[in-house]
Amino acid sequence: MFESRSNANSTKTRNWALIAAGAGIGLAYGVAIRLLASLHANDLVVMSMSFTCILPFAMGAITVYFIEVRRPLRLRSWLLLPWLPLATALAAAMITLLEGLICVVMFLPLAMVLSSVGGLLGGLAARVIKSERLGNASLCCVMALPLLTAPWEKQIFHGFELREVENTIDIQVPPDVIWRNIERVSKIRPGELPDSWSHRIGFPDPVEATLSHEGVGGVRNATFAGGLYFLETVDVWEPERRLAFTIAAQTDAIPATTLDEHVRVGGPYFDVLRGEYRLEALGNGTTRLHLSSRHRISTDFNWYAHLWTDAVMSDLQKRILQVIKGRCEGKIG
């Protein structure tokens, strides 16, 4: 009985060691590609399909294939084991300041799905390909994919897209009260801003918006925490009806610690271009306030990036509308 228990423990230890080795190989590969992306080797950059899509796929395939050819795994292990090197690599990137939390959070859902797809195909390949030489050659091809696709992908996938996001809120005051609270926004006090997921992952809080003078041509200076600020030039001034402005992020003045370079406002991948308030009188002393914005995304994967940029802008606008509602309804009389 003791011998049987000892054999079981020994088998379990070997299995865990094999899993650790497979995950370690996947991790080492992911770290190597990240370092190559830092050097722009073979035109490979972080904000590319090669990195965001093919890298996690390859990490999953490598991890599962290495383990499966040595010990058969269950299907769920093919799908879940790739998350181990992926999570470790992302944690290491944050610890070494290669990536910020906001980039990791945005990348993670897509990476988890694609690494699982890679793990599934890696497991199938290990069972179907009987030749060790052919299997190893196939694995090498998968490992080389990010470097092979990087030089040409931008010509095919890179896009420029303008996105519009609008939010509304009903406020129990007439339009003139709201107008006084949107033409300028005095400094937002702690506790006025509702908590939000976008703030928790690293997007700065709005602070205030000053106005040089009333009317078209007036310049609003909109500041955010962390040194992020925008110059907003008014081009529509219709008191108690519409206020609209172009937005120019002061990118060069934004501290490097405020936003990750891959999501920096006014950078090569993302920018906010325009904002507009519109007031709609509903009767009975209630006004519906619309806040809309236009932003630009320029990536090789706009189909995924816009899900996040839309969500962040919507979350930010909801918070601003809540501040305005609280101030307006608290100032009646």
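For the single chain, residues carry numbers from 1 onward in sequence order. Remember, it's a predicted structure, so these values are computed and weren't measured experimentally.
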Pairwise side-chain contact, [X] with [Y], heavy-atom cut-off 4.5 Å (strictly under):
X: Thr223; Y: Phe230; value: no
X: Leu291; Y: Glu276; value: no
X: Ile324; Y: Ile182; value: yes
X: Ile169; Y: Gln322; value: yes
X: Val165; Y: Ser292; value: no
X: Asn221; Y: Leu231; value: yes
X: Trp83; Y: Ser115; value: yes
X: Leu86; Y: Met112; value: yes

Side chain to side chain contact (heavy atoms under 4.5 Å, CB included) between Val312 and Thr309, worked out: CA-CA 5 Å; Val312 168; Thr309 58; 5.9 Å; no

Search all heavy atoms of [X] against all heavy atoms of [Y] and return the closest pair with its distance.
X: Gly30; Y: Leu55; answer: CA-CD1, 4.1 Å
X: Leu273; Y: Leu162; answer: CD1-CD2, 3.5 Å
X: Leu279; Y: Pro175; answer: CD2-O, 3.4 Å
X: Ala61; Y: Val142; answer: CB-CG1, 4.2 Å
X: Trp197; Y: Ala311; answer: CZ2-O, 3.5 Å
X: Asp195; Y: His199; answer: OD1-CD2, 4.5 Å

Examine Arg274 relative to Phe245 and say whether NZ or CZ is less than 6.0 Å from the centre of the six-membered ring and inside a 45° cone about the ring axis.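 Relative to the ring axis of Phe245, which defines the angle, Arg274 lies outside at least one limit.
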
Qualifying residue for salt bridge (charged side-chain N to carboxylate O under 4.0 Å, His left out) with Arg220, from Glu214, Glu183, Glu232: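 Between Arg220 and the candidates, salt bridge (charged side-chain N to carboxylate O under 4.0 Å, His left out) is satisfied uniquely by Glu232.
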
Nearest 0.5 Å, what's the [atom1]-[atom2] distance between [X] and [Y]?
X: Leu114; Y: Phe107; atom1: CG; atom2: CZ; answer: 8.0 Å
X: Glu238; Y: Arg278; atom1: CD; atom2: CZ; answer: 11.0 Å
X: Leu120; Y: Leu75; atom1: CG; atom2: CG; answer: 6.5 Å
X: Gln172; Y: Cys328; atom1: CD; atom2: SG; answer: 11.5 Å
X: Leu79; Y: Arg74; atom1: CG; atom2: CZ; answer: 13.5 Å
X: Leu81; Y: Met59; atom1: CG; atom2: CE; answer: 12.5 Å

Are [Y] and [X] connected into the same hydrophobic cluster when the rule is that any two of I, L, V, M, F, W, Y join if their side-chain heavy atoms are below 4.5 Å apart?
X: Tyr229; Y: Ile247; answer: no
X: Leu35; Y: Met94; answer: no
X: Ile54; Y: Val31; answer: no
X: Val64; Y: Ile25; answer: yes
X: Ile129; Y: Ile62; answer: no

Please check: side-chain N/O of [X] versus main-chain N/O of [Y], any donor-acceptor pairing under 3.5 Å?
X: Tyr304; Y: Met106; result: yes
X: Asn181; Y: Val177; result: yes
X: Arg327; Y: Ser186; result: yes
X: Arg296; Y: Pro268; result: yes
X: Ser212; Y: Val219; result: yes
X: Glu68; Y: Leu73; result: yes
X: Asp300; Y: Ser48; result: no
X: Gln250; Y: Leu228; result: no
X: Asp310; Y: Leu307; result: no
X: Thr287; Y: Ala281; result: no

Those residues that, when tested against Ser314, pass side chain to side chain donor-acceptor pair (under 3.5 Å) (two or more places apart):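 With neighbours one apart ignored, the set is Asn167.
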
Could you walk me through whether Asp205 and Arg319 pass salt bridge (charged side-chain N to carboxylate O under 4.0 Å, His left out), step by step? CA-CA 9 Å; Asp205 284 337; Arg319 301 180 78 203; 2.7 Å; yes

Verdict with reasoning, Arg163 to Met313, per side chain to side chain contact (heavy atoms under 4.5 Å, CB included): CA-CA 10 Å; Arg163 305 286 303 178; Met313 291 305 299; over 6 Å; no

For Leu211 and Val234, what are the C-alpha separation, side-chain angles and deciding distance, and is it a side chain to side chain contact (heavy atoms under 4.5 Å, CB included)? CA-CA 9 Å; Leu211 178 65; Val234 176; 4.3 Å; yes

Run the numbers on Ile188 and Glu208 for side chain to side chain contact (heavy atoms under 4.5 Å, CB included), then give the verdict. CA-CA 6 Å; Ile188 299 173; Glu208 68 176 333; 5.8 Å; no

I'd like to know if [X] and [Y] make a salt bridge, using a cut-off of under 4.0 Å between side-chain N and carboxylate O.
X: Lys154; Y: Asp43; answer: no
X: Arg241; Y: Glu280; answer: no
X: Arg180; Y: Asp176; answer: yes
X: Arg264; Y: Glu261; answer: no

Thr149, Leu36, Ile33, Val45 screened by side chain to side chain contact (heavy atoms under 4.5 Å, CB included) with Phe51, the one that passes: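 Exactly one candidate clears the test, Ile33.
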
Is there a donor-acceptor contact under 3.5 Å linking the side chains of [X] and [Y]?
X: Ser38; Y: Arg34; result: yes
X: Thr286; Y: Asp170; result: no
X: Ser116; Y: Trp78; result: no

Using ring-ring contact (aromatic ring centres under 6.0 Å, His included) as the criterion, list what pairs up with His295, not counting sequence neighbours.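 Expected list: Phe270.
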
Would you check if the distance from the ring center of Trp179 to the ring center of Trp237 is below 6.0 Å?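 Yes, close enough.
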
